[in-house]
Amino acid sequence: MPEHSTQAKCLLAQHNSAQQNASWPNTILPQQNRALFKDRIMRHGRRSSPSSFPTNNGTRQLSMIHFVLLISRQGKVRLTKWYSPYSQKERTKVLRELSGLILTRGPKLCNFVEWRGFKVVYKRYASLYFCMCVNQDDNELEILEVIHLFVEILDRYFGSVCELDLIFNFHKAYYILDEILIAGELQESSKKTVARLVAAQDSLVEAAKEEASSLSNIIAQAT
Amino acid sequence: MARDLAPDVERLLQFRDPNIRKKAALCSIRIVKKVPDLAENFINPAASLLKEKHHGVLLTGIQLCTDLCRVSAEALEYFRKKCTEGLVKVLKDVVNSPYAPEYDISGIADPFLHIRLLRLLRVLGQGDADASDCMNDILAQVATKTESNKNAGNAILYECVETIMSIEDNSGLRVLAINILGRFLSNRDNNIRYVALNMLMKAITVDTQAVQRHRPTILERVKDSDASIRKRALELVYLLVNESNVKPLTKELIEYLEAGNYVKDEVWHALIVVITNASNLHGYTVRSLYRAVQTSGEQVTESDAVDVIEVAIKHHTTDLTTRAMRIKDIIVQDKGNLVLELQQRSIEFNSVIEKHQNIRSALVERMPVLDEATYSGRRAGSLSAAVSTSQGAALNLSNGVAKAAAPPLVDLLDLSSDDTPAPSSSGNDFLQDLLGVDLSPASSQAGQAQKSGTDVLLDLLSIGSPSAQDSSFTPNALSKSSQDDKTSMGALERLSSPSASSIQASSPAGGSPMMDLLDGFASSPPLPEANGLAYPSVVAFESNSLRVMFNFSKQPGNPRTTLIEATFMNKSSVVYTDFIFQAAVPKFLQLHLDPASSNSLPESGNGSITQKLRLTNSQHGKKALVMRIRINYKVNSKDTLEEGQISNFPRDL
């Protein structure tokens, strides 16, 4: 029974008439629709985040890391570093959302999650999830490398780092992170240099401590 | 604060300690982002940073330059002119550098530097042919030499591909890039696949052909276990669809659709977007959708499917098929009466009909679908509820059809259905039927709205040019059709075979295609008139300008089928061109139209057009034949329309 093709042809003609005399080869996938769709994809990277987050902020558009999160498997937040302006309320919201999103992902899935127009690249090391949020058009594989760099430096510094190390020495973790990333940009790609710098910082701290204690000794003795 | 600190930071860019310099560079980036005006101050210091040896400073310097270029056009020009070659050289050095343990990551010396350099080259090369030329060699080298078994290598390759895609056209490099992406697609690593799909989507705008080559791999990815990959693959497949590959792609997509009841919503939606944008899929899609819904049998799944259809409808509210789907909606929801949406829907529909009188003319445009639907609703013949209110009419439709156990749309498309609704000719009447308004006389055709309606109907039905009459719509495959995917695909293929002027939409020109459409695609040879004129011929229709005569005959052994030869005569003194005859019959009749002898009717009876019709009466003996006809022709290039109802068929036909 040919009626279906009648109907189908009706559809085609109707569609076609909507396309204003476009000839058949063009109407299967009308160029304008395709262009619109492409436009949507292209603009995807620039899509403004929902109203609760600042939208037209210049710092959000050039390629950068917006924030770094370390979340444990149980959902506890071990470290957060924000490179874009997020208010306190926004921060908790982000944490809640991303925890839910990332912790529930299976092991075989890819390490990239699309979230609110941004991409969140995460990697799981033992019981910790390292998450970094970047723009849509950034190189995700590179961010994975940055995460790995961070972890390797932590490992080198703490010597087989585990979550406990980060819990008890979180300030050192922050220092190390600050030597790797500033303002959401990578600043040093050499592990040795970073290690050297952090070691230098540590020795400064030591020296200062010593000085402080010796001063207090003197004062204590004086009084 | 940024302005206050800017001079200090600028000074620090030249500090002796490299650590300070690199931090100052990143600071400058922040400043420039905050206050783009200050960018000019940083151009020169940034340029000098590019000559650094220290990787950290180089890295940050490159980043600073990249962001400066993005923020300020002047900076872009400056860097493009002065620094492109220098950068190419730096990249060359890095790529060719020997093993350096300090910066080594999985065998590659400082992949971060690679990536930053490639990014800056991309910004500089975009839109500028000279700069792009400079970097061709090094890009080719990076693309071919970088190892891709580790993530670092892949990251570099990814960046390289992005750069190649963005800079000015170089087909050799492009091919290289697409090949890399193809390799990525087959990689076992999910991340790489995701990245590849992403990249391919951007690549499509640049070079569709090459991406088409990877179609099979992409299709595989549609079935990936990872949802985000599937979503990307679907979007990509959508972009890939064009007239030549629509058939196999559609097949894949439909299979996927049927398996898709268990897939997450987002994938659904992406797929529906894909499908709704390929209108020729609609018929087939709706059918298989309905089948899926039928087989699932659960309320929940139904409403899921309905939700999805709603999404589709919202995308294309004026699309013919989705209109039909909408009606299907009504039916489906009618079954699930308890669903809240039904009430909402019927109220919606009701209000549309009752309140929006002023947009009736717009509604008229919807006629074609409603016609079909109403028509087949009637055809189902079991309208139980009384046609009291307009809403009643709508639900009638659903009731009637529900009882027929198949939605009208499916019937329309269903190849195994016995009854075949003929397209209606007096569309306006049907709409008003649906709306529960008095039937206007079939022959009165006043008003612009109606004209537009008929034009739409004509558009709807006029497919193909006179010359394409024989080519695209060869009926054989279809007349032997069964409820078979392959055949429907065959049908769609036929429809999609691009004959040169095959679908001229809005012009009502082309009388013969009209015939094709109304022809039941039976390429049956001229019916034997063995019986002769056993029945008296009648003047089926006569007006001041036209006369239509019907000659009847029956085939021996087939009393239900009447062969009619229609003869059209021109009573005026002007020749008629683009003569199109359309007929509609009630649902107990089956109508087939053969092509007319010509579509130009000479004047004053100097010649005539003949056309053969075949009517099969399923209620032979119980009901007489009745037919509504519509005739379109042009007089001195002015469109004329005549409509009428033929009720004077001999009683025993």
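To find a chain, count down the sequence lines: A is the first, B the second, and so on, and within it residues start at 1.
The CG atom of B:N154 sits 9.5 Å away from the CD atom of A:E145 when rounded to the nearest 0.5 Å. Expressed to the nearest 0.5 Å, how far CG of A:L197 lies from CG of B:N19 amounts to 4.5 Å. Considering CG of B:N198 and CD of A:E114, their distance stands at 7.0 Å, rounded to 0.5 Å. Atom CG of B:L157 sits about 9.5 Å away from atom CG of A:L141, to the nearest 0.5 Å. A distance of 7.0 Å separates OG of A:S189 from NE2 of B:H55, quoted to the nearest 0.5 Å. Taken to the nearest 0.5 Å, the NZ atom of A:K123 stands 8.5 Å off from the CG atom of B:N191.
A:I143 does not touch chain B: none of its heavy atoms, backbone or side chain, sits under 4.5 Å away. Both the backbone and the side chain of A:V146 come within less than 4.5 Å of a heavy atom in chain B. The contact between B:V71 and chain A is made entirely by side chain atoms (from C-beta outward), counting heavy-atom distances below 4.5 Å. Residue contact with chain A, scored on non-hydrogen atoms closer than 4.5 Å, is absent for B:L58.
In plain terms, the two heavy atoms of A:K191 and B:D104 that are nearest each other are NZ-O, 4.0 Å.
The closest donor-acceptor contact from the side chain of B:N190 to the backbone of A:K108 lies under 3.5 Å.
Among A:I182, A:N139, A:V113, the residue with the largest count of heavy-atom pairs under 4.5 Å with chain B is A:N139. Interface check for chain B: of the options A:L149, A:L186, A:T193, A:V121, the most heavy-atom pairs under 4.5 Å are formed by A:L186. Top candidate by heavy-atom pairs under 4.5 Å with chain A, chosen from B:E159, B:R193, B:E162, is B:E159. Interface summary for chain B: among A:A183, A:G184, A:G106, the most heavy-atom pairs under 4.5 angstrom belong to A:A183.
When side chains are defined from C-beta on, A:E142 does not count as touching B:Y158, because their heavy atoms never get closer than 4.5 Å. For the pair A:M64 and B:R30, the minimum side-chain heavy-atom distance is below 4.5 Å. By the 4.5 Å heavy-atom criterion applied to side chains, B:N151 and A:H148 are not counted as neighbours.
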Trace of the side-chain contact (heavy atoms from CB on, under 4.5 Å) decision for A:E152 with B:I105:
CA-CA 11 Å; A:E152 278 205 1; B:I105 293 183; over 6 Å; no
Verdict with reasoning, A:E185 to B:K22, per salt bridge (charged side-chain N to carboxylate O under 4.0 Å, His left out):
CA-CA 11 Å; A:E185 304 282 356; B:K22 74 185 184 201; over 6 Å; no
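Annotation: A:Y175, atom OH; neighbour count of heavy atoms from other residues, nucleotides and ligands within 6.0 Å does not exceed 12. By the neighbour-count criterion of 12 heavy atoms within 6.0 Å, atom CZ of A:F170 is sparsely surrounded, having that number or fewer from other residues, nucleotides or ligands.
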